[in-house]
Amino acid sequence: MPLRRKKAPAPEQVGPKPKGTGKITTRPGSRHAAVLGVGAYRPRRVVDNHEICEVLDSTDEWIRERSGIITRHFAGEGESVIDMAEAAAKGAIEMAGIAPEQIGCVIVATVTHPYQTPAAGPLLAVRIGADGAAAFDISAACAGYCHGVALASDMVRGGTTEYALVVGVERLSDFTDPTDRGTAFIFADGAGAAVIGPSETEGIGPTIWGSDGSQWDVIAQRDSWLEVRDQDLGWPAIVMQGQTVFRWAVWGMAPVAKRALDAAGVKIEDLDAFIPHQANMRIIDAMAKQLKLPEDVVIARDIATTGNTSAASVPLATERLIREGLAPRGGLALQLGFGAGLSYAAQVIRLP
Ligand code: UT7
């Protein structure tokens with residue numbers, strides 16, 4: 001008889017039983033996302049170039065010629081980033097036709113909220129009646145709003161939230177040296193907002209975005225908070241190497257705009273509007289030329305009377321085009337933000 005081996009005893013179970021069979025479920029998102037409403041807030045105080053030149057060594061003529069800016073708005077005393085954001089957000093929520101409680105996420109793009117912490121988002125959420133919504137700020141300067149639209153649309157499609165509010169808001173007058181010839185005539189205050197939510201057809205194309213940190217210093221707060229504290233440097237205004245940024249914007253951003261069109265499968269002749277960051281009228285014109293924009297594509301030129309409001313500039317310009325009937329509701333717009341970082345983001349959207 002062949003010898004039969006005795007079956008070895010099963011090893012004793014050591015530690016907790018593995019639970020790898022447990023499953024994670026996800027919330028289904030909407031197949032498509034869209035901008036459902038936009039809102040804007042321009043502070044009441046209008047400041048013309050003559051007033052700027054009371055302090056700045058410049059002229060109305062030079063400012064108009066080099067930047068296209070005629071007037072801009074400055075926030076009133078005590079009028080905070082959150083106050084302005086609230087006003088713009090209410091307009092966007094109204095146009096979207098939703099209740100504020102339906103907003104599950106509030107994204108505030110700003111570089112001028114004057115608190116290191118907490119973010120402006122949570123307080124804004126309470127102010128607009130979206131109590132308890134996830135809320136946070138993003139710092140991508142003039143590209144901040146378009147970054148926010150990228151996050152919000154992916155959240156809606158991914159099921160993280162049903163509706164998101166994106167606000168671009170700045171009180172740049174607080175962070176500008178009124179005697180600095182490179183910035184004092186450009187920067188301004190204001191807020192623009194959008195509600196992003198589910199849609200039956202696609203309303204937001206893929207975002208083309210990126211950064212170039214090797215040019216971190218070309219638009220920057222002059223000194224870090226630590227240097228301000230330790231070296232008694234005074235208020236750290238935002239400063240800019242204008243020509244360097246100008247060249248980067250003109251030569252670097254038109255290809256980004258083209259890639260956003262390609263990614264969305266939209267031909268340039270099918271666009272109704274081009275809404276670039278309102279940095280400088282000459283930059284806007286140079287980009288339009290490089291893109292060979294057809295004559296019937298409306299170009300946002302809000303900078304003339306709004307100035308450069310960084311994160312607020314794209315939604316402010318969008319709201320104006322719609323309100324003044326310059327671009328059709330439901331039309332296609334290419335929006336492009338670019339600025340400090342250096343950072344940029346662009347996408348094609350369907351106008352609400
Ligand atoms: O929002 C974030 C992204 N920002 C941007 O995209 C802004 C990009 N940059 C710009 O928009 C432009 O560079 C500025 C509007 C800031 C400046 O315009 P510029 O045509 O680049 O001016 P510049 O610095 O080349 O200066 C031209 C001339 C100089 O005189 P000379 O050397 O030609 O005799 C300057 O000294 O203008 C003079 N200048 C001024 N004159 C009157 C510079 N600043 C001023 C001023 N007023 N404020």
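Note that ligands are numbered from 1 as they come in the structure, with each ligand's atoms numbered from 1 the same way.
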Between Tyr41 and Glu79: side-chain donor-acceptor atoms closer than 3.5 Å
yes

Test: side chain to side chain donor-acceptor pair (under 3.5 Å). Region: residues 326-337. Which pairs qualify, not counting sequence neighbours?
Gln335-Gln347

Pairs under 3.5 angstrom, nitrogen or oxygen on both sides, ligand 1 versus protein: list them out, please.
from: ligand 1; atom 1: 1 (O); to: His277; atom 2: NE2; distance (Å): 2.8
from: ligand 1; atom 1: 1 (O); to: Asn308; atom 2: ND2; distance (Å): 2.7
from: ligand 1; atom 1: 9 (N); to: Gly242; atom 2: O; distance (Å): 3.1
from: ligand 1; atom 1: 11 (O); to: Asn280; atom 2: ND2; distance (Å): 2.6
from: ligand 1; atom 1: 13 (O); to: Gly242; atom 2: O; distance (Å): 3.2
from: ligand 1; atom 1: 20 (O); to: Arg66; atom 2: NH1; distance (Å): 2.7
from: ligand 1; atom 1: 20 (O); to: Arg282; atom 2: NH1; distance (Å): 3.1
from: ligand 1; atom 1: 20 (O); to: Arg282; atom 2: NH2; distance (Å): 3.3
from: ligand 1; atom 1: 25 (O); to: Gln243; atom 2: NE2; distance (Å): 2.4
from: ligand 1; atom 1: 37 (O); to: Trp62; atom 2: NE1; distance (Å): 3.2
from: ligand 1; atom 1: 41 (N); to: Trp62; atom 2: NE1; distance (Å): 3.3
from: ligand 1; atom 1: 41 (N); to: Arg181; atom 2: NH2; distance (Å): 3.3
from: ligand 1; atom 1: 47 (N); to: Ser58; atom 2: OG; distance (Å): 2.6
from: ligand 1; atom 1: 48 (N); to: Arg181; atom 2: O; distance (Å): 3.0

Residues passing the ring pair (Phe, Tyr, Trp, His ring centres under 6.0 Å) test with Phe338, sequence neighbours excluded, are His277

Where at least one partner belongs to residues 130-149, residue pairs that pass side chain to side chain donor-acceptor pair (under 3.5 Å), sequence neighbours excluded
none

Can you confirm whether the side chains of Gln116 and Trp225 place a donor and an acceptor under 3.5 Å from each other?
yes

Would you check if there is a donor-acceptor pair between the side chains of Arg171 and Ser80 at a distance under 3.5 Å?
no

